[in-house]
Amino acid sequence: MPSTDTAVPRRQQQRDGGGGGWLARCRGVFGNESPAFYVLLMWVVVLTAVVFSDGSDPTSSRASSAVRAPAASKQNSFFPSSSSPPPPLLVNSPADSQEPAKMSTEQTFIAIKPDGVQRGLVGPIISRFENRGYKLVALKLVTPGEEHLQKHYEDLKDKPFFPGLIKYMSSGPIAAMVWEGRDAVKTGRVLLGATNPLASAPGTIRGDFAIDVGRNVCHGSDSVENAKKEIALWFKPEELNSYKAAAFDWVYEKA
């Protein structure tokens, strides 16, 4: 049995926290070689590191905030906060929102003159209008008299070349046609080319098939009003066909 004087100092050391502190107490409870002692020691170290990393150490707090700041800034650049203004709405430009023009159906009178018929150009000229997308509503091969031709060229009767023009136009058959479609009069003139073949661009009918102005292959109405007059002169109303071409919906987006 231990003596009283030995036990009293030991209890005094335990009450005052002596004898190596909490580490010594744990060693006394678990023993120096106990695995539980080292597990407890490991958890103490981990908890201490967590406490200091959460801001217990001012130096550690400043360092961690400095490291985290770029990441937060990068995140904000991709994901704006709710207080940031919304991005502007994309609005189509007038050119993008412009709808196709509504259908403005016209009819134009096209005549392949005697030189074009004699040279076998009826088929190629018809193909130009068909390939462009226009619809043929009337076609006939005729040899008109001088009176008919004088009425057709009435606006040129005071020109010095008028007699020669009438003689030339009555020298053989003429392929008279009526074509229908959007802006048929204006575009028909573009397909024909300039009156003087030498001034016609390559790719136009006169630019490809004619050289001399007196043999310029074809005639085309120069206005919507004149087209109506010429069609009425060359065709009876019942000779004009009204139908929907099979390719209509492939030529026009909107009627």
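Numbering starts at 1 and runs along the sequence shown. On a predicted model such as this, the values are computed, not experimentally measured, just so you know.
- Of all heavy-atom pairs between A227 and T108, the closest is CB-CA, 4.1 Å.
- The distance from atom CG of L165 to atom NZ of K159, rounded to the nearest 0.5 Å, is 12.0 Å.
- For I211, the CD1 atom sits in a loose shell: 12 or fewer heavy atoms of surrounding residues, nucleotides or ligands are nearer than 6.0 Å.
- S221 has its side chain out of reach of R189: every pair of non-hydrogen atoms, C-beta onward, lies at least 4.5 Å apart.
- For the atom pair OG (S170) and CD (E147), the distance works out to 13.0 Å, reported to the nearest 0.5 Å.
- In this structure, L136 is not a member of the same hydrophobic cluster as L240, with clusters built from ILVMFWY side-chain heavy atoms closer than 4.5 Å.
- Taking the side chain as every heavy atom from C-beta outward, I110 and R128 never approach each other to under 4.5 Å.
- Annotation: the span from S200 atom OG to L192 atom CG amounts to 9.0 Å, rounded to 0.5 Å.
- The heavy-atom pair separating H219 from R206 by the smallest distance is CA-NH2, 4.1 Å.
- A cation-pi contact links K135 to Y243, judged by a cut-off of 6.0 Å to the six-membered ring centre and 45° from its axis.
- Here the shortest heavy-atom pairing between I205 and C218 reads CG2-SG, 4.0 Å.
- Here the side chains of M177 and F129 are not in contact, with every heavy-atom distance at 4.5 Å or above.
- I112 and V137 end up in different hydrophobic clusters when Ile, Leu, Val, Met, Phe, Trp and Tyr side chains are linked at under 4.5 Å.
- Considering only heavy atoms from C-beta on, V178 stays 4.5 Å or farther from W234 through its side chain.
- Side-chain contact between V142 and F235 is absent, with no heavy atoms from C-beta onward closer than 4.5 Å.
- Distance check, rounded to the nearest 0.5 Å: CD1 of I174 to CG of L149 gives 5.5 Å.
- For the atom pair NZ (K113) and CG (L121), the distance works out to 13.0 Å, reported to the nearest 0.5 Å.
- Between V117 and V122 the shortest side-chain heavy-atom distance falls below 4.5 Å.
- Note on residues 197-216: no pairs pass ring-ring contact (aromatic ring centres under 6.0 Å, His included), not counting sequence neighbours.
- Contact between A138 and E239 at its shortest, heavy atoms only, is CB-O, 3.8 Å.
- N196 is not listed as a side-chain neighbour of N216, based on a closest heavy-atom distance of 4.5 Å or more.
- In this structure the side chain of Q150 never reaches within 4.5 angstrom of the side chain of K157, judged on heavy atoms.
- Here NZ of K151 is found 6.0 Å from CG of L233. Values are rounded to the nearest 0.5 Å.
- More than 12 heavy atoms of other residues, nucleotides or ligands sit less than 6.0 Å from atom NZ of K140.
- Note: the hydrophobic cluster containing V213 does not contain V217 (ILVMFWY, side chain heavy atoms under 4.5 Å, direct or indirect links).
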(message) Determine whether Y153 and M169 satisfy the following criterion, side-chain contact (heavy atoms from CB on, under 4.5 Å), listing intermediate values before the conclusion.
(response) CA-CA 10 Å; Y153 288 111; M169 289 294 293; 3.6 Å; yes

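- Residues W179 and Y134 keep their aromatic ring centres 6.0 Å or farther apart.
- Residue pairs that meet the salt bridge (charged side-chain N to carboxylate O under 4.0 Å, His left out) test with at least one member in residues 219-234, sequence neighbours left out, do not exist here.
- Through side-chain heavy atoms spaced under 4.5 Å, either directly or across other Ile, Leu, Val, Met, Phe, Trp or Tyr residues, V224 is tied to V185.
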